[in-house]
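Scope of the values below: all heavy atoms of this structure, side chains included, with no hydrogens, waters or symmetry mates. Values in this document were obtained by computation on a predicted structure and should not be read as measured data.
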Amino acid sequence: MTRRRLENRRPALTFDLEVGGLKYTATVARFPDGTLAEVFLSNGKAGSDSDTSARDSAVVASIALQYGVPLEVLRHALMRDAQGRPSGPLGTALEVASERGSDDA
């Protein structure tokens with residue numbers, strides 16, 4: 001597989017979300033065709049376990065997306081609650097990004 005590279009300058013969408021009583025900031029960017037290309041996540045408690053986990057999961061998701069893993073595959077693989085809502089910050093960020101973007105997820 002070949003990694004799809006991003007342009008050095010690209011538009012991005014930044015939004016706040018809350019999961020499990022913790023606040024996060026997410027930024028997502030897309031390839032020129034509108035598909036999701038990268039995700040950044042951070043928590044207000046820099047250096048905390050929750051911040052590290054959020055950042056690490058976003059890096060892994062970004063690499064997967066750049067290698068062609070469909071957004072829907074990532075979303076389906078992440079934990080959900082009994083009502084079908086995402087349980088973690090990455091799942092929530094991907095859900096919001098798909099609702100606000102042009103991915104067919």
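Not counting sequence neighbours, Thr52 has no partner by the side-chain hydrogen bond (donor to acceptor under 3.5 Å, both in side chains) test. Taking the side-chain hydrogen bond (donor to acceptor under 3.5 Å, both in side chains) definition, one finds that Thr25 meets it with Asp16, sequence neighbours left out.
How far CG of Asn43 is from CZ of Arg55: 8.5 Å, rounded to the nearest 0.5 Å. Atoms CG and CZ, on Leu6 and Arg3 in that order, are 7.5 Å from each other to the nearest 0.5 Å. Here the OG atom belonging to Ser87 is positioned 9.5 Å from the CG atom belonging to Leu78, to the nearest 0.5 angstrom.
Contact of the Phe15 side chain with the Val28 side chain is registered, since non-hydrogen atoms from C-beta on lie closer than 4.5 Å. Looking only at side-chain heavy atoms (C-beta outward), Leu65 and Leu74 come within less than 4.5 Å of each other. In this structure, Leu36 and Leu94 have side chains that are in contact, with non-hydrogen atoms separated by less than 4.5 Å. At least one side-chain heavy atom of Ser50 sits less than 4.5 Å from a side-chain heavy atom of Tyr24. Gln66 has its side chain within reach of Glu38: a pair of non-hydrogen atoms, C-beta onward, lies under 4.5 Å apart.
No more than 12 heavy atoms of other residues, nucleotides or ligands sit less than 6.0 Å from atom CD of Glu7. The environment of CG in Asp49 is sparse: at most 12 heavy-atom neighbours from other residues, nucleotides or ligands sit within 6.0 Å.
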For side chain to side chain contact (heavy atoms under 4.5 Å, CB included), just list the numbers for Thr27 and Val39, CA-CA rounded to whole Å, side-chain angles, deciding distance to a tenth of an Å, and then say yes or no. CA-CA 6 Å; Thr27 300; Val39 182; over 6 Å; no
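The hydrophobic clustering, which links ILVMFWY residues whose side-chain heavy atoms are closer than 4.5 Å, places Val69 and Met1 apart. Under the 4.5 Å side-chain contact rule for hydrophobic residues, Val60 and Val19 do not share a cluster. Leu71 and Tyr67 end up in different hydrophobic clusters when Ile, Leu, Val, Met, Phe, Trp and Tyr side chains are linked at under 4.5 Å.
At a threshold of 4.0 Å, the pair Arg75-Glu72 counts as salt-bridged, since one of the basic side-chain nitrogens sits closer than that to a carboxylate oxygen. Ionic pairing of Glu95 and Arg100 is not present here: no N-O contact between side-chain nitrogen and carboxylate oxygen is shorter than 4.0 angstrom.
The cationic atom of Arg4 (NZ for Lys, CZ for Arg) lies less than 6.0 Å from the six-membered ring centre of Phe31 and within 45° of the ring axis.
Contact between Leu17 and Ala26 at its shortest, heavy atoms only, is CD2-CB, 3.9 Å.
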